[in-house]
Amino acid sequence: MTFAERMLRIDRRIIFLIIGVCTLVPLLFPMGLAIKTSPEVTSVYDYIEHMPEGSVFLLSLDFDPASKPELYPQAVALLHHAFNRNLRVIGMTLWLPGTGMANEVITHVAQERGKVNGKDYVFLGWSPGGGSVIINMGQSIGTAFPTDYYNQPTASLPVLAGIQSLRDVQYVVSLAAGTTGIETWYVFGKDKYKFELGGGCTGVIAPGLYPLLRSGQINGLIGGLRGAAEYEVLLGRKGRAVAGMDAQSVTHLVIIVLVILCNVFYFMLRRSRQGGGQALPSGS
Amino acid sequence: MNFFRRQLPLLITFVTGVLFALQYYVPHPASEAMLTSVTKWLQIIGGFALVLGVTSLFHLHAVKIRRKEPGWGYSFVLYAGIIGTIVVGLWHNGKETVDNVTTSFGWIYNFMMVPLQGTMFAILAFFIASAAYRSFRARSPEAAVLLIAAIIVMMGRVPLGEYLIPLSGDVTQWILNVLNASVRRAILIGISLGAIALSLKIIFGVERAYLGGGKE
């Protein structure tokens, strides 16, 4: 067996170990590299920054705990920004497994900012139906959610005073890990009820949402941990996302090096096989 | 009987399909009230779908246990997990916290479900690295283009990549905003046209697979 063959058949546990170490070391010894902000994240930030005090901001946390590392920091940053601007915040989720986490992040940030449940913010919880929940909220928020997560009647909450439907909401941001998520909010919500819509998503689904961004169907997009880190930089409040970017940087670089090495070995093997008149076995 | 099995569902589909396609363009209060009622029905039906899903899951795993199929022990774990969580959830009225104190339902959620789901997703990073090493090879010119684009985007999406190759950030933005967006848009248009065609076929009774039993 040649060197190239041996390297191509390397035990995958060695790769796992390299990735593990490369994730851990930057978390323990941060490099603190500068993070450049992109126009798509800045658009979301600017929109919230220019909303008048007391405007209604709806944050839909459409993800489950699997996507927590990427979307939780986005939620924290957006909530801090909204509470900074003294906006009225409505929280909700279209993903049942994410309900507890959504409630936790809103309650945690609100308590940190000294905001009062029912007066400054409300968490509506989850309701079945996905797109039909959005249509129902477009018709009447009170009908879609007669009570909030804590069983308080939504009609009596000061934070929802004067808010009948989605038409009274100025800005909606959906933090989504898939469908139901940003597209659903556009198709069933923004298109008919005419609020402005922004999005936040996991890195893996971000490229699929660029057509919506380019056509103005969403005004901005926070993509993955990088997007969350950019938002934290814009907010001037570095948190988990900025801390995680060093680990992501090194891991990306290691994967690039692994891919280059694998191709070098592949071409070495191909050349030696062609020189010896042998065909490459399938899969190598 | 054929009327109730075939003609009536087709009639309901046709009437509601046409009605709600037109409803979008009619902002009259009566039209809006009808939409409100129907979306409320949809939400209620969505709730029942959850019950149906859990019942179906229970049935599937009961069969596995009865037949002692490979891995049937895991079905017991599933039963214990679901029944345990439902009982504890009902006991605490579905609340993870009461007066800022974590309930046992909240404990299950925070210390079992959240870490388990997080772990499943985190493991992907290791498998992606291993799979990239084993199979991401420039076997053809198309694969080489994909490989180069992937490397540029991976560099441009992290600060270290932008630090090492300052241009990678701008090139990444161009790839995402121009190449990626245009291809995705073409795919989206194709999917949307397909969805419209399928909707029309269902509304006009051409596509009847949803009735079950195939073609008459």
Side-chain angles (χ1 to χ4, degrees), chain A residues 8 10 12 15-16 18-20 23 31 33-36 38 64-69 96-97 100-101 103-104 107 127-130 132-133 135-136 139-140 143-144 192 203 206-208 210-211 213-215 224 226 245-246 248-256 258-263 266, chain B residues 24 32-33 35-36 38-40 42-47 49-50 93-97 100 106 109-110 113-118 120-122 125-126 128-130 132-139 147 150-151 154-155 157-164 169 173 176-177 180-182 184-185 188:
Chain A
L8 282 174
I10 195 170
R12 64 178 181 169
I15 296 171
F16 294 168
I18 294 169
I19 294 294
T23 308
M31 292 178 285
L33 290 165
I35 297 164
K36 267 168 62 179
S38 59
D64 59 6
S67 307
K68 188 180 176 185
L96 177 60
M101 196 174 50
N103 176 52
E104 193 253 317
T107 310
S127 188
S132 54
V133 176
I135 299 174
N136 212 352
Q139 300 302 112
S140 163
T143 309
K192 180 162 184 178
Y210 271 77
L213 185 69
R214 300 295 301 161
S215 58
R226 165 67 188 247
M245 278 321 290
D246 285 343
Q248 202 173 60
S249 281
V250 177
T251 313
H252 273 212
L253 209 69
V254 167
I255 293 176
I256 289 168
L258 285 172
V259 168
I260 292 169
L261 280 177
C262 121
N263 277 279
Y266 170 69
Chain B
Y24 183 86
E32 295 294 312
L35 181 66
T36 307
V38 171
T39 47
K40 196 70 198 165
L42 281 173
Q43 276 190 265
I44 294 165
I45 293 166
L50 203 70
N93 204 19
K95 296 283 176 282
E96 284 90 7
T97 54
N100 276 336
Y109 183 80
N110 289 320
M113 189 174 160
V114 172
L116 282 170
Q117 283 206 357
M120 288 294 288
F121 204 65
F126 294 90
I128 286 170
S130 173
Y133 181 74
R134 279 166 208 290
S135 51
F136 210 173
R137 294 172 194 173
R139 287 196 174 95
L147 191 86
I151 288 176
M154 282 182 76
M155 288 291 273
R157 288 293 294 169
V158 290
L160 187 58
E162 284 180 293
Y163 176 76
L164 295 172
Q173 283 293 101
L176 288 172
N177 278 300
N180 162 70
S182 48
R184 290 277 184 174
R185 189 169 293 142
L188 268 177

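Quick note on labels: first sequence line is chain A, next is B, and so on, each numbered from 1.
For B/M154, the parts lying under 4.5 angstrom from a heavy atom of chain A are both the backbone and the side chain. Of the two parts of B/F136, the backbone and the side chain both hold a non-hydrogen atom closer than 4.5 Å to a non-hydrogen atom of chain A. Both the backbone and the side chain of B/N177 come within contact range of chain A, each with at least one heavy atom under 4.5 Å from a heavy atom of that chain. In this structure, no portion of B/I44 lies under 4.5 Å from any heavy atom of chain A. Interface remark: B/Y109 contributes side-chain atoms only to the contact with chain A (heavy atom separation under 4.5 Å). For A/N103, the part lying near chain B is the side chain, with the backbone staying farther off; criterion is any non-hydrogen pair under 4.5 Å. Both the backbone and the side chain of A/L258 come within less than 4.5 Å of a heavy atom in chain B. Residue B/N93 touches chain A through its side chain alone, counting heavy-atom pairs closer than 4.5 Å. Of the atoms belonging to B/L147, it is side-chain heavy atoms, and not backbone ones, that fall under 4.5 Å from chain A.
Heavy-atom contacts from other residues, nucleotides or ligands closer than 6.0 Å to CZ of B/R185 number more than 12.
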Checklist entry - Under the side-chain hydrogen bond (donor to acceptor under 3.5 Å, both in side chains) criterion, do A/S38 and B/Q173 qualify, and how do the steps go? => result CA-CA 8 Å; A/S38 59; B/Q173 283 293 101; 5.1 Å; no
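Counting heavy-atom pairs under 4.5 Å between each of A/P69, A/G20, A/G100 and chain B puts A/G100 at the top. In terms of non-hydrogen atom pairs under 4.5 Å with chain B, the most contact-rich of A/T23, A/L96, A/L261, A/L253 is A/L253. Residue with the most contacts toward chain A among B/L188, B/L160, B/L164: B/L160 (heavy-atom pairs, distance under 4.5 Å). Ranking A/S127, A/P207, A/A144, A/G130 against chain B, the residue ahead of the rest is A/P207, based on heavy-atom pairs under 4.5 Å. Between chain B and the residues A/P211, A/S215, A/G129, A/A34, the largest count of heavy-atom pairs under 4.5 Å involves A/P211.
Relative to the ring axis of A/Y266, B/R139 places its NZ or CZ within 45° and under 6.0 Å from the centre.
Going from atom NZ of A/K192 over to atom CD of B/E32 covers 4.0 Å, rounded to the nearest 0.5 Å.
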